[in-house]
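Worksheet: one structure, shown below.
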Amino acid sequence: MASTQVPEKPAAQHLRRAYPKQPPAPAAAPAHAAAAYPGEAPRVLDVQHVEKVYGSRNAVTQALADVSFSVAEGEFMGIMGASGSGKSTLLNCISTIDTVTAGHVLVNGADITSIKPAKLTRFRREQLGFIFQDSNLLDTLTARENIALPLTISRVPARETLSRVEEVARRLGILEVLDKYPYQMSGGQQQRVAAARAMVTNPAIIMADEPTGALDSKNARLLLECLETMNRTYRATVLMVTHDAFAASYTHRVIFLRDGRIFTELNRGESPRQEFFNRIMEVVAIMGGEGSDAL
Amino acid sequence: MLCKIAWSNVRRAGRDYLVYLVTLTLAVTVFYAFNTISVQVDIAGVAEQNPGMGDLLGNIIAGLTVFLGFVMGFLMVYANNFIMRRRKKEFGLYQILGMGRGQVARIMALETLIVSGGALVLGLALGVGLSQLMVFFTASLFKTQIADFHFFFSPTALAITVGCLAAIFAVTLVFNLRVVARAKVIDLMGAERRGEAIKLRNPWLSAVVFVVGAVAVGVAYARLLRDGLPWDGGDAAMGAFCVTTLTVVVGTLLLFFGLSGFLLKALQAVRGLYWRGLNMVTLRQLSAKVNTVSFSMAVISMILFLAITSVTAGMSLASVMNESVERGTPVDFTRCLIYFSDKTVPEMNDEAGAGDAADAGSGRAYAAATEPVDMLATSAADTVEYDTANARPFDLASITGASVQVTVYDSTPRGAEVPLVTLRDLCDAVGRELPNGVESDDVADLGLMVMRESDYNRYLAFRGMPEIDLGENGYTLLSDMGESITGIYNDVLARGVEVDFGGHVLKPVAERVNEDASVFQNAMMGMNSGTIVVPDALVEEENLPLYYGYLLVNYKDGVSVEEGDAYVSAPRAYGDVTDASGNIVGGWGAEATRTTTYASTDSMNGLISYLAIYIGFVLVVACAAILTIQQLSGVSDAGPNYRVLSELGTSEREIAHSALAQQTVFFVFPLVVGIAHAVVALKVVIDLVALFGGMSIGGTVGLTAAIFVVAYGGYFAVTYLMSRGIVHDAIRVRHAL
């Protein structure tokens, strides 16, 4: 624990980024980050020795055991694991919805495990964007209102809110559904609206929890391409939890979780998606072959 | 096993059932406590002062309880439907797991039984406690002393309460069983909450409907204010009143039906407000919910209207009595005599002749009097302790100290059809409308009473007031009714209106009506609707028939009020009222002591206050309970939404505020509409009551408001606190692993 060096850098400069975000020049990376990861983008997320234990003395469930990894700015990263492997718990801990038992989670250098609960909502609002398996749109609001919600919560003026919503909707190809209610849209459209809502505030990280879980293959592909667009054109950092190898193959890097521990990690490098997919499938086969639940 | 499932269901659905339980418990408490009224009245010593009051109150309240039980039953069925609708899927699951419909129905019956049983036990415990406390309240309402306080339990009240609860239980059960029996498993399972709750209407259409509703309500208000209440029951008036009632009901329904659309459109117009914080979420959820519950909101607003109106009107009536009773009791004892008129005498003689011969054998016939009867002397014809060996004449003179007798004449001369002076003439003279409640097609009804100057001066002397001098052609007016009547007379006198009294032009000698000097009999309200005092000669000249005789008696020194009251209150048989030639010329009318008038005012006050509080409380509680259950189930339906909001970075406080704003609209809007209806209705009711005395709502509004604040506000607070809990839980729920 004592070895954990948290750079005491104020997160403020990341809170208010200009919109639309310009791809940062590599030279603009902060000095301390450059020192830690020479030649790479600064780290947005740093997970350090995170543990999570559920239950009381009699029935202890270790959901996460000593999980450490980091995500660089502009990275599209996947977390894979079987049901019960702890991947949703991990996401909840990172997104401050759940608390860790031990360890630290740093977002833009700020330790969120020690942020006071009162400030958590503000942190969540300004730094994180969420996409869920079921789109989790508010069923009483239109698509436009759903996308605008994170902005109105942050008291962004109405004029700016509406223009930002239009802008994101155009990028993600959902302009035509803006005035529809969720129940009037297809599942794929709902997910893309959710994606638009997740990124309309320019968060530091977009968390996607099984975003393709409830979609057919065509819509799943559309959504993944949408996430790619967000990642590539806006340099948005995306952290996607999935058990679907196809979805994972769209990412740059995949961490495999089993029984609350990191089993292995795959880097896509420059390889094409199909090849990355095959490598992922190999790992999945190994994990399945060792007697744990197949994915 | 079924019991176990039912019990755990009740515990699990505790939040929904809690409100149900609390409301039923309150109903049982109030039902029991109020139905012990006849026992309370005994203990509070009201019975000694006013025998029969206990039974009267007991019967009225028992009847009311059945009515309120119905209302409660209806509302509980509705509330219960709300719980059941949300559990359809669960009941579907039971059936898929292989339970028969009968078993599912039994689980449901057991759940209802557990809750009702719990409510009965809790409610009775509270009710028994409350009824002990209420004895003191009763005593203060009826202004009596508690002679012998002891713990009591009323089996009758218990029976009524259990009966009502059983009825509510049975009805609820029937409705619940219907849910299970009718629904197919596929429907039960498919009854997803999401999607089902969203019934969106075209907001423009809704806004138009809202405006139409508002206009309809406005028209109904205008009609009611113009037409007043159909107090005389005429067909045309009743018809108009029904149209007005229908208009307001339809208007209210439309108002609530269109409310959400209107609110949405109105607020969307203000962009900076709509696109700010959770405003649009609040508004959208509100409009989605208002759509599904607009009908029940309209019903609630109308029930609240009924509760406010009946409570306020009743208590105002009581306060009128309270205020006028002092003026209305000038002496220890009064007795009234009604003279037969020329028209009725022949009929009565025919009847008597055709009737039993024994009576005719007395040789007495009916006749119209030409001279006033000496009422004090004639009282001796009454018999005290009649039908006993101790029978003896009613010797009123023996206890009388000072007394005065005044005679009132009809203003329609003998043989004429039209009164010499009517209220309408006087209204026309000062350019005022007839007050609401006295419009009549029969002009004779509006004729004033007439009194001789000499009679009135004797009365004034008796009361110790300065006498008046009318001279040759003076007059003055008397009345002790409310401002709406006396105001007209005051105008007439103040403006010096000349009255044509059968060809004699009379001028007023007073500036205004002296209400205190217009009371001729003990009564809790004004009884003298209008009397003109004229020079003695005119009464003879116009040949006016005798109408009433009033005898005002103060007990003589040495006779205490108790002794005097006891003597005049003892049961007796009325004797004949005969003139010098032995003809029967009249019949005895009302008589009253000051003491009984005061006591009956207190009793009437107590009676009305009791009924008002009872009705008001039960209705308000029932309405508030419905709103609470609706709101809580709405909040828990919106749980996933609140979770999303939290994940998007909204603080729990803001979410709670959003929920609070929605609840405020739901609680306040029906109340506002109900109050608006009530204000208009009360305006009309007050016009009617104001005929009898100065009507003031001031003091009574306090109590009404207190009932509302405690009951309605209490439920509102509970709703808010519980919904905060629901929001908190919804946000804290972990994602599945």
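Just so it is clear: chains get the letters A, B, ... in the order the sequence lines come, proteins before strands, and each one is counted from 1.
- R643(B) is not listed as a side-chain neighbour of F132(A), based on a closest heavy-atom distance of 4.5 Å or more.
- Between L645(B) and L138(A) there is a side-chain heavy-atom pair separated by less than 4.5 Å.
- Taking 4.5 Å as the limit, some side-chain heavy atom of N641(B) sits within range of a side-chain heavy atom of D139(A).
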I'd like to know whether L141(A) forms a side-chain contact (heavy atoms from CB on, under 4.5 Å) with Q285(B), so could you lay out the CA-CA distance, the side-chain angles of the two residues, the decisive distance to 0.1 Å, and finally the verdict. CA-CA 8 Å; L141(A) 301 187; Q285(B) 280 191 350; over 6 Å; no

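- Taking CH2 of W275(B) as the reference point, atom CG of L149(A) lies at 9.5 Å (rounded to 0.5 Å).
- Atom-to-atom distance recorded for I153(A):CD1 and I655(B):CD1 is 8.0 Å, nearest 0.5 angstrom.
- Rounded to the nearest 0.5 Å, atoms CG (L151(A)) and CZ (R276(B)) are 14.0 Å apart.
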Trace of the side-chain contact (heavy atoms from CB on, under 4.5 Å) decision for R284(B) with T142(A): CA-CA 9 Å; R284(B) 285 288 191 178; T142(A) 62; 3.8 Å; yes

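- Residues N146(A) and M280(B) form no side-chain contact, since every pair of their non-hydrogen atoms from C-beta on lies 4.5 Å or further apart.
- Among V156(A), L128(A), L162(A), the residue making the largest number of heavy-atom pairs under 4.5 Å with chain B is L162(A).
- To the nearest 0.5 Å, the span separating CZ on R125(A) from OG1 on T650(B) amounts to 7.5 Å.
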Decide yes or no on side-chain contact (heavy atoms from CB on, under 4.5 Å) for L283(B) and E145(A), but give the supporting numbers first. CA-CA 12 Å; L283(B) 216 56; E145(A) 289 164 347; over 6 Å; no

